[in-house]
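Here is the structure we will look at, set down as structure tokens.
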Amino acid sequence: MKLFLCALFLLGSFNSFSQDTTKEKWHSSTFININTIRSTGYILTKKDSLHFVIEGEDTLLAVDKKYLKNLKTVNTRKVSVKYEPKDSLFLETYKNIVFGKNKNAKSTLKIWKDDVKIYFDPSVPELHQKSLMNFAEGISNEIDSLTIRKVDTKKDSNYFIYYLNDKSDKDFEPKIVNKNGGYHVTWNSKQQITSASLKINAINVKSSEYQIAKLKFNLVRTLGYFGEDASLECNSYFSSCPVIRSLIPLDLEVLKYHYSYGVYKGTTRDNFEKMHRKMRSTLRQHPNAELYIDHTL
């Protein structure tokens with residue numbers, strides 16, 4: 001998924017603010033970047049240029065509700081979502097989890113665009129399957145744009161889970177080299193995760209409790225190819241502690257934010273930070289402004 005953004009927006013739109021003072025009154029209106037307008041085939045006129053508004057490096061045009069409705073009809077592959085401000089402490093934690101602490105890292109923000117369809121190999125105990133699906137469905141129920149479900153055949157799945165219970169068992173994903181198991185994920189050019197494999201080496205991890213804990217840990221990490229933040233409490237699934245974890249409120253907040261359409265999908269850390277700086281700067285100047293981010297699907 002690609003976000004178009006430059007200065008305030010590139011191929012984006014936002015609603016101006018409404019503010020009453022003793023000296024002036026700003027009227028609510030919707031402004032569209034002229035590049036978005038041109039992309040629909042509309043030819044701008046001299047009359048339109050009289051209503052241009054300059055915001056940073058962007059040229060915007062005020063449009064009425066009728067035009068906006070027509071634009072949404074034309075751009076059926078786009079969705080515009082209100083920007084979601086977050087405090088700086090949360091954003092630092094989120095960036096460390098998603099991009100790592102390396103400021104120059106090329107890591108990108110990755111999501112599952114399609115439903116996560118899990119197939120369990122017969123090597124996975126039934127009790128473990130039920131435990132993981134109860135956990136997964138609990139997360140899925142909290143996040144509108146993320147669906148995790150179990151499927152009955154491998155060909156219908158995009159997420160494969162298996163155990164190594166004996167040295168003679170087939171290792172379906174040899175790219176998972178950790179002696180206790182782990183995961184392997186793939187993604188497309190839009191940074192959308194398309195498939196995953198999860199392995200538990202029950203030969204080395206003998207406790208059923210720890211096997212289930214590793215299932216849940218790896219599932220959470222594969223929901224965004226997430227890393228960790230060493231400053232978090234050990235119970236967090238995004239901490240660096242080698243312990244059995246539980247889903248704490250911060251974990252759920254990270255997942256909800258990650259799958260919010262108000263987040264810059266597919267971006268790098270540098271572009272993510274630039275976008276937030278621009279948004280915060282605009283909100284400082286116009287506290288009542290409603291800012292929107294356009295995504296192409």
Side-chain angles (χ1 to χ4, degrees), residues 97 110-166 169-187 192-228 232 234-256 258-259:
I97 291 169
K110 298 175 177 65
I111 63 165
W112 286 86
K113 180 66 173 61
D114 297 326
D115 291 359
V116 180
K117 293 168 285 191
I118 296 177
Y119 174 73
F120 292 96
D121 185 74
S123 58
V124 183
E126 188 68 28
L127 178 64
H128 294 200
Q129 296 182 30
K130 290 180 179 178
S131 180
L132 182 65
M133 290 314 301
N134 286 338
F135 176 74
E137 289 166 1
I139 293 174
S140 182
N141 290 338
E142 293 287 337
I143 304 172
D144 292 338
S145 55
L146 175 65
T147 300
I148 308 172
R149 57 189 174 90
K150 181 181 177 181
V151 295
D152 296 327
T153 62
K154 189 176 181 180
K155 69 180 179 63
D156 292 327
S157 72
N158 53 18
Y159 200 117
F160 178 57
I161 299 178
Y162 68 102
Y163 277 27
L164 295 181
N165 295 307
D166 187 86
D169 288 347
K170 182 177 180 179
D171 190 351
F172 294 96
E173 183 48 85
K175 292 178 182 177
I176 304 172
V177 296
N178 186 287
K179 66 179 182 179
N180 294 327
Y183 59 83
H184 180 264
V185 301
T186 60
W187 54 85
Q192 297 165 347
I193 300 173
T194 55
S195 66
S197 295
L198 195 167
K199 174 174 73 177
I200 301 297
N201 189 337
I203 302 169
N204 294 333
V205 183
K206 299 185 182 299
S207 164
S208 178
E209 181 183 14
Y210 277 97
Q211 290 168 2
I212 293 173
K214 286 187 70 64
L215 276 176
K216 294 177 180 179
F217 169 80
N218 287 313
L219 175 71
V220 170
R221 291 296 182 95
T222 57
L223 294 180
Y225 200 58
F226 295 122
E228 59 193 32
L232 295 179
C234 283
N235 281 346
S236 170
Y237 276 97
F238 303 115
S239 76
S240 57
C241 305
V243 299
I244 293 179
R245 303 139 194 271
S246 58
L247 197 69
I248 65 173
L250 177 63
D251 295 342
L252 197 55
E253 186 179 5
V254 166
L255 290 170
K256 284 182 175 180
H258 192 73
Y259 278 89

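Remember, it's a predicted structure, so these values are computed and weren't measured experimentally. Because only heavy atoms are used, hydrogens play no part in the values below, and waters and symmetry mates are left out as well, while side chains stay in.
- The CD atom of Glu142 sits 12.5 Å away from the CD atom of Glu253 when rounded to the nearest 0.5 Å.
- Within a 6.0 Å sphere centred on CG of Asp144, other residues, nucleotides and ligands contribute 12 heavy atoms or fewer.
- A side-chain contact (heavy atoms from CB on, under 4.5 Å) with Phe238 holds for exactly one of Leu250, Ile248, Ile97; it is Ile97.
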> For Trp112 and Ile148, what are the C-alpha separation, side-chain angles and deciding distance, and is it a side-chain contact (heavy atoms from CB on, under 4.5 Å)?
Replying inline: CA-CA 10 Å; Trp112 286 86; Ile148 308 172; over 6 Å; no
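- For residues 147-161, the salt bridge (charged side-chain N to carboxylate O under 4.0 Å, His left out) pairs, not counting sequence neighbours, are Asp115-Arg149.
- Looking only at distances, no side-chain donor or acceptor of Tyr162 sits under 3.5 Å from a matching main-chain atom of Lys170.
- Between Tyr119 and Phe172, the distance from one ring center to the other does not fall under 6.0 angstrom.
- Asn134 places no side-chain N or O within 3.5 Å of a backbone atom of Ser131 that could act as its donor or acceptor partner.
- No donor-acceptor pair under 3.5 Å is formed between the side chain of Asp251 and the backbone N or O of Ser236.
- Side-chain contact between Ile200 and Val124 is absent, with no heavy-atom pair separated by less than 4.5 Å.
- Counting heavy atoms from C-beta outward, Asn158 and Thr194 have side chains that stay 4.5 Å or more apart.
- Judged as a ring pair (Phe, Tyr, Trp, His ring centres under 6.0 Å), and not counting sequence neighbours, the contacts of His258 are Tyr94, Phe226.
- Residue Leu164 holds its CG atom at 11.0 Å from CG of Asn180, rounded to the nearest 0.5 Å.
- Ser140 places a side-chain N or O within donor-acceptor distance of the main-chain N or O of Leu146, the cut-off being under 3.5 Å.
- Note that CD1 of Ile161 is 9.0 Å distant from CG of Asn218, once rounded to the nearest 0.5 Å.
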